[in-house]
**Student:** 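The following block contains the structure, expressed as structure tokens.
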2 protein chains.
Amino acid sequence: MNDEKNLTIQDIAEKAGVSIKTVSRVFNNSPNVRQQKRDLVLGVARDLGYRPNISARQLASKRSFVLIHFYDNPNMDYLSGIYDGMREACSEKGYYAVAERLSSQNRSYKDSLLDYLTRTPVDGVILSPPISDDKAVIREIEKRGIPCSLISPGIKKRHCINVFIDEKTAGRKMTEFLIERGHTKLAFISGLDTHTASSQREAGFWSAIEAHGLKRKDMMRIGGDFSMQSGFAAFEALAKSKTRVTGVFAGNDEMAIGTIIAALRTGMKVPEDISVVGFDDSAFARSMWPPITSLAQPIEEMAKLSTRKLIDWIDTKERIENDFEFPTEIMVRDSCP
Amino acid sequence: MNDEKNLTIQDIAEKAGVSIKTVSRVFNNSPNVRQQKRDLVLGVARDLGYRPNISARQLASKRSFVLIHFYDNPNMDYLSGIYDGMREACSEKGYYAVAERLSSQNRSYKDSLLDYLTRTPVDGVILSPPISDDKAVIREIEKRGIPCSLISPGIKKRHCINVFIDEKTAGRKMTEFLIERGHTKLAFISGLDTHTASSQREAGFWSAIEAHGLKRKDMMRIGGDFSMQSGFAAFEALAKSKTRVTGVFAGNDEMAIGTIIAALRTGMKVPEDISVVGFDDSAFARSMWPPITSLAQPIEEMAKLSTRKLIDWIDTKERIENDFEFPTEIMVRDSCP
DNA sequence: ACGAAAAATGACAACGTTGTCAAACGACTT
DNA sequence: AAGTCGTTTGACAACGTTGTCATTTTTCGT
């Protein structure tokens with residue numbers, strides 16, 4: 001119901017009886033503004049429904065207000081979770097969220113990163129696995145003095161913001177879930193070794209086995225690569241072996257789907273003959289038949305916090321905390337009820 | 001190897017011996033610049049590696065250089081195809097690509113559109129199904145005078161750019177593919193009725209049946225909703241019926257996957273006992289086991305052209321052509337070889 | 001209560017582009 | 001050759017913000 005005219009800092013300044021510059025300072029969280037004026041300005045701005053003009057800001061400050069998420073993960077579910085979280089946090093603070101694929105297939109992928117960073121001015125970077133483990137990439141970003149936030153890094157970096165779940169504990173939790181349901185012969189389908197999180201999940205798997213006094217020789221470890229096909233292949237390996245496993249822990253949902261399809265083909269029933277659990281709680285895990293029990297991480301929340309802290313860092317030029325851990329939850333569904 | 005300093009129009013103007021304004025005109029494809037000067041300026045700019053400053057452009061021209069894609073389609077594969085196409089076309093012309101979900105679940109989704117359009121200045125809009133069929137949405141955009149491009153609209157709009165495939169012919173082509181492989185008893189699993197393209201595919205299906213002299217009563221038509229689950233349910237309906245169909249045409253890949261999984265569960269073999277074909281050629285169609293024969297449309301190319309034409313329209317304020325049809329291709333895979 | 005130092009504030013010039021409008025130029029007509 | 005009209009060009013002021021630096025106000029130690 002407000003008038004359409006675009007408000008400027010000028011309008012706010014007049015209404016509040018302060019100078020333009022003071023208003024500017026308030027909106028940039030600059031120090032050296034009396035709290036009383038800060039509140040006054042903020043109040044007036046809210047009343048009038050003022051929104052800063054980003055272009056003008058960019059032009060005058062030579063900052064871009066662009067945060068970029070570099071990824072190389074074909075899982076669209078995960079990506080859009082991150083993107084949504086980023087976007088929400090960005091719009092709170094007048095930043096732009098951009099996502100850019102940095103394919104490690106591409107031989108010159110480091111070059112294309114450098115290209116990107118020199119071409120487009122970028123105020124902050126968010127990396128997700130497996131790139132959050134790429135030291136060369138992180139070094140280049142650091143060298144340019146660009147604040148950087150890592151999502152689920154294998155090793156936490158002191159010079160970055162780290163946002164993560166405890167992968168090992170999650171892996172252990174999932175394994176214990178299987179054990180509690182009476183499964184004593186288990187298989188673990190791993191992901192790619194370049195994906196540190198995957199090894200940590202596996203460590204959790206073995207730690208649960210040990211803690212519950214199960215025998216290592218009753219367990220199978222099959223190497224996968226996160227693809228549906230590798231889950232399919234994993235089941236075939238399982239079927240050939242002497243060990244009769246009744247519970248399968250797949251390193252992600254896609255491999256879980258592959259495993260289930262392969263099992264169905266041989267006439268086995270899920271979960272009656274074999275139980276399968278996944279990891280990531282993707283949309284396909286929910287819509288598969290049977291729906292797949294999977295470990296959910298609050299990826300959108302993680303991305304949101306990651307972005308907020310990154311923006312704080314950019315705005316204030318200092319980091320208070322580095323590390324933020326998030327809880328996980330097992331979504332119990334029919335594939336292992 | 002160039003110096004790092006950011007070039008401005010000023011630099012180009014000096015080097016070329018013309019005024020700042022003339023350079024500006026050249027970069028905006030404004031009329032009334034002598035061809036000779038135009039070439040000169042363009043040449044100098046290329047030599048120096050000049051790139052216009054978008055923020056300054058936005059500020060001075062009050063345009064946003066933002067194109068927005070409104071979607072409400074959970075298929076990430078399709079979406080990222082569109083996004084990639086948009087992005088490429090945008091970066092050619094210095095525009096920004098933004099994607100925004102406009103959920104029809106949300107009761108007030110038209111409001112959120114209006115909100116968006118009034119909040120953020122937007123120079124052009126791209127709509128994909130099912131939103132490209134929403135007259136109310138299109139009307140609101142038109143009312144604001146924002147150029148609009150539709151991807152695969154059910155009915156082509158004269159005031160918009162339309163980019164599409166011939167859905168009916170595609171449906172017919174796919175059906176004939178099944179018929180040529182000896183299937184005479186077929187099932188068609190439809191998508192949501194709100195999705196006009198789906199009905200057109202179905203029309204193609206029936207036209208092929210008729211053209212090949214097959215009997216309508218040997219055919220089954222099952223209503224689905226594009227979800228994996230509905231594909232699953234469709235197979236169960238199929239199994240219950242008396243008609244023994246050997247070929248299934250699913251309205252999209254997800255329903256094809258559901259159908260296949262359901263078939264596998266009953267011990268049937270695909271494609272030996274039943275052949276299934278899908279539509280869209282999504283990543284899951286490729287990585288499913290068996291991989292699914294599916295109809296591919298060049299969605300990325302379509303989005304790219306759509307975007308280019310939209311930008312032309314914005315820049316020149318006129319549209320030469322409205323309609324652009326693209327070819328399709330059947331990707332033959334194991335689910336119906 | 002006084003001065004010195006620190007904190008808060010403001011005036012004004014950037015930032016790199018486009019819009020406006022007036023001036024210069026060219027091609028015609030007479 | 002002068003006059004007319006359309007085309008091409010350019011000077012200069014926006015656009016809405018931040019950076020710089022000078023000025024004012026507050027705080028604090030004595």
Side-chain angles (χ1 to χ4, degrees), chain A residues 4-42 44-45 48-66 93-96 120-121 123 314-317, chain B residues 4-41 45 48-66 93-96 120-121 123 314-317:
Chain A
E4 284 293 310
K5 213 189 77 173
N6 268 353
L7 293 163
T8 71
I9 279 199
Q10 179 106 285
D11 300 319
I12 310 296
E14 276 167 15
K15 192 95 174 178
V18 298
S19 79
I20 290 182
K21 185 67 222 198
T22 300
V23 178
S24 167
R25 273 192 269 260
V26 169
F27 278 100
N28 288 292
N29 282 310
S30 303
N32 300 340
V33 176
R34 221 178 295 275
Q35 188 60 41
Q36 160 208 3
K37 293 220 166 170
R38 197 180 287 274
D39 294 341
L40 171 65
V41 167
L42 248 24
V44 171
L48 267 53
Y50 165 75
R51 293 172 59 94
N53 178 317
I54 298 185
S55 307
R57 245 146 94 104
Q58 291 176 332
L59 183 60
S61 67
K62 300 186 168 179
R63 287 204 282 149
S64 65
F65 292 90
V66 165
K93 301 282 195 168
Y95 276 72
Y96 283 120
T120 320
D123 287 351
I314 295 168
D315 284 352
T316 67
K317 292 187 172 117
Chain B
E4 284 294 308
K5 213 189 77 173
N6 268 354
L7 293 163
T8 71
I9 278 199
Q10 178 105 283
D11 300 319
I12 309 297
E14 277 168 16
K15 192 93 174 181
V18 299
S19 80
I20 289 182
K21 186 65 219 196
T22 299
V23 178
S24 167
R25 274 192 266 260
V26 169
F27 278 99
N28 288 291
N29 283 310
S30 302
N32 301 339
V33 176
R34 219 181 296 274
Q35 189 60 40
Q36 161 207 5
K37 293 218 168 171
R38 198 180 286 275
D39 294 340
L40 172 65
V41 168
L48 267 52
Y50 165 75
R51 293 171 59 93
N53 179 317
I54 298 185
S55 307
R57 243 146 96 105
Q58 290 177 332
L59 182 60
S61 68
K62 301 186 168 180
R63 286 204 283 149
S64 64
F65 292 91
V66 165
K93 300 281 194 168
Y95 276 71
Y96 283 119
T120 319
D123 287 351
I314 296 169
D315 284 352
T316 67
K317 291 184 172 117

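The structure presented is a predicted model; accordingly, all values stated were derived computationally and were not measured.
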**Student:** If the cut-off is 4.0 Å, is A:R34 near the phosphate of C:dT9, judged by side-chain N/O to OP1 or OP2?
**Tutor:**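 Yes, within the criterion.
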
**Student:** Between P on C:dA24 and CG on B:N32, what's the gap in Å once rounded to a whole number?
**Tutor:**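 That distance rounds to 18 Å.
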
**Student:** Working to the nearest 0.5 Å, report the span between CD1 of A:I12 and CG of A:L48.
**Tutor:** 5.0 Å

**Student:** Is any side-chain heavy atom of A:Q58 closer than 4.5 Å to one of A:Y96?
**Tutor:** yes

**Student:** Check whether any side-chain N or O of B:S19 sits under 4.0 Å from OP1 or OP2 of D:dT9, and answer yes or no.
**Tutor:**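 No, because none of the side-chain N or O atoms of B:S19 sits under 4.0 Å from OP1 or OP2 of D:dT9.
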
**Student:** Going by atom type alone, with no hydrogens or angles, which donor-acceptor pairs under 3.5 Å involve a side-chain atom of residues 23-38 of chain B and a protein atom two or more places apart or on another chain?
**Tutor:**
unit_1	atom_1	unit_2	atom_2	d
B:N28	ND2	B:S24	O	2.8
B:Q35	NE2	B:D39	OD1	3.0
B:R38	NH2	B:S30	O	2.8

**Student:** Looking at D:dT18, C:dT17, C:dG10, which one has an atom nearest to any side-chain atom of B:A60?
**Tutor:**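 Shortest atom-to-atom distance from the side chain points to C:dT17.
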
**Student:** Could you tell me how far apart B:L59 (CG) and C:dG19 (C1') are, to the nearest whole angstrom?
**Tutor:** 13 Å

**Student:** For D:dT17, does OP1 or OP2 lie under 4.0 Å from any side-chain N or O of A:Y50?
**Tutor:**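 Indeed, a polar side-chain atom of A:Y50 lies that close.
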
**Student:** The side chain of B:V18 lies closest to which of these nucleotides: C:dG10, D:dG10, D:dT17?
**Tutor:**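 Among C:dG10, D:dG10, D:dT17, the one nearest the side chain of B:V18 is D:dG10.
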
**Student:** Quick one: which of B:D11, B:V41, B:I9 gives a side chain to side chain contact (heavy atoms under 4.5 Å, CB included) with B:Y50?
**Tutor:** B:I9

**Student:** Measure from NZ on A:K21 to C1' on D:dT17 and round the result to the nearest Å.
**Tutor:** 9 Å

**Student:** What I want to check is whether an N or O donor and acceptor connect the side chain of B:R25 with the base of C:dG19 at under 3.5 Å.
**Tutor:**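 Counting by modelled atom types and ignoring angles, no donor-acceptor contact under 3.5 Å is found here.
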
**Student:** Out of D:dT8, C:dA11, C:dT17, which nucleotide sits closest to the side chain of B:A56?
**Tutor:**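 Given the options D:dT8, C:dA11, C:dT17, the side chain of B:A56 is closest to C:dT17.
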
